[in-house]
Amino acid sequence: MGFRTDQIHSGVTPDPTSGAILTPIHQSTTFVQPSVDEYMATGYSYSRSANPTVTALQDRLTILEEGVGSAAFASGMAATNAVFLALLGAGDHAVVSDVAYGGTYRLADKVFTRFGVDFTFADTSDPQAVQEAINDRTRLIFTETPANPTLKYTDIAAVSALAASSGIVHAVDNTFLTPYFQRPLTLGADLVVHSTTKYFDGHNATVGGAVIGRTEELMEQIAFVQNAAGLIMSPMVAWLTMQGSKTLAHRIEQQSANAMAVAHYLEAHPKVAKVVYPGLPSFPQHRLATEQASGYGAMAWFEVEGGLEAGKKLMGSLRVWTLAENLGSVESLITHPVTMTHADVEEHERRRVGITDGLVRISVGLEEVEDLIEDLDQGLNRL
Ligand SMILES: *Cc1c(COP(=O)(O)O)cnc(C)c1O
């Protein structure tokens, strides 16, 4: 079936007891066993291990990402944590994109290094740099593309081929483009990670995450830590995410069109020093962005003339755009990564990868694009 059909119907069957069209919220800790001999006959025993509402969402995610299985988590970070826990142990090494969600860097650098895991934060946009970062202890290559917040792209097929030739697992954080625009598993990646908080939910209502895999073997390892470490998503969040995901394609398609219009507007404004949006021909990796995915997404960033102070003034003067962390929602959001999402990334590391003090990140929502542009216009014209 097509994506727009699967996003609505996959994972759901009418409830046999009532005919309810939506999978019920199975808000139950435990599941009654028919008899000792038939333990787990229904497939369910305790909601930390598995829950029918969560299973419905997992089935949908598996289909949308074209995987063989998936596991849903309490947050995007719980999903990344599950990948690290499943694949890394003392003495192991992992390569992580040098530009990535701030929490990914923090989990690697501040938590897993304490357990004897080594990381190299490499420029994964350059397959040669990935090759050079690999050693005989490397078990995992974790890339994020496009990356938060600079939007640097990694060539998924090239890095997957390189990982496969060394027997290393390649996991891709696909939060920014979603499977509607980009399917890493079809390009050779082994695992896909999502913060479902973002586009799958889309309505600023939940925090959740997921891992989708290309092989049963990997998914068994992921499901094992989902249960062992207690990282599973709650039934209520799974249900809300099912509801939100029914319009994923429609939302991200329109949000991307809005982002393109906003990027064109910003590029022409004299107070704007720099605009970065993958759909603009000026984007350094425009060709890879066009070839690897079927859309450019709805994330962009810019710098205004006058640096940090001017940027702060602009962010304080907007009425339609909301100053908040998060992205991918129907509400247009504006963020200052240095003080907000990436505050835990050390200054020299931020500088090295291009997260400047004046960088303003925008997540373009579903409002009338004219209103979004007018609001930016009144703010910029005051600078
Ligand atoms: C938000 C985000 C995460 C973390 O997800 P949470 O749901 O906030 O834990 C991971 N990766 C990317 C790219 C993100 O934007």
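One-based numbering, in listed order, for ligands and for the atoms of each.
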Compare every heavy atom of V159 with every heavy atom of I141, then report the nearest pair and how far apart it is.
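Scanning both residues completely, I find the closest heavy atoms to be CG2-CG1, 3.9 Å.
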
Are N326 and T197 close enough that some pair of their side-chain heavy atoms sits under 4.5 Å apart?
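With C-beta onward as the side chain, the pair touches.
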
Min side-chain heavy-atom separation S245-R60 under 4.5 Å
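Contact flag for S245/R60 side chains = yes.
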
List the closest protein heavy-atom neighbour of [atom]: residue, atom name, distance to the nearest 0.1 Å.
atom	answer
atom 8 (O) of ligand 1	Y101 OH, 3.8 Å
atom 11 (N) of ligand 1	D173 OD2, 2.6 Å
atom 7 (O) of ligand 1	T197 OG1, 2.7 Å
atom 6 (P) of ligand 1	G76 N, 3.3 Å

Which ligand 1 atoms does [X] reach within 4.0 Å, using its non-hydrogen atoms?
X	value
E144	13 (C)
S75	7 (O), 9 (O)
N148	15 (O)
G208	7 (O)

Give every residue pair that meets the ring-ring contact (aromatic ring centres under 6.0 Å, His included) criterion with at least one member in residues 301-352, sequence neighbours excluded.
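Counting only pairs at least two positions apart or across chains, no ring-ring contact (aromatic ring centres under 6.0 Å, His included) contact touches residues 301-352.
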
Closest to atom 1 (C) of ligand 1 among K198, M77, H194 (heavy-atom distance):
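Checking each option, the heavy atom nearest atom 1 (C) of ligand 1 is found in K198.
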
Taking the six-membered ring for Trp, is the centroid-to-centroid distance between H170 and F142 below 6.0 Å?
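No, ring centres 6.0 Å or more apart.
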
F283 ring center within less than 6.0 Å of Y153 ring center:
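Yes, they do, as the ring centres are separated by less than 6.0 Å.
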
Would you say A78 touches ligand 1, if touching means a heavy atom closer than 4.0 Å?
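A78: no contact with ligand 1 (<4.0 Å).
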
Between ligand 1 and L327, can you find any atom pair, the residue atom being a heavy atom, that is separated by under 4.0 Å?
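It does; at least one heavy atom falls under 4.0 Å.
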
Verify side-chain contact (heavy atoms from CB on, under 4.5 Å) between I168 and I134, making sure each step is shown before the conclusion.
CA-CA 9 Å; I168 299 168; I134 292 174; 3.6 Å; yes

Pairs of nitrogen or oxygen atoms closer than 3.5 Å, one from S195 and one from ligand 1: do any exist?
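Yes.
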
How far does CG of D173 sit from OG1 of T104, to the nearest 0.5 angstrom?
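That separation rounds to 6.0 Å.
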
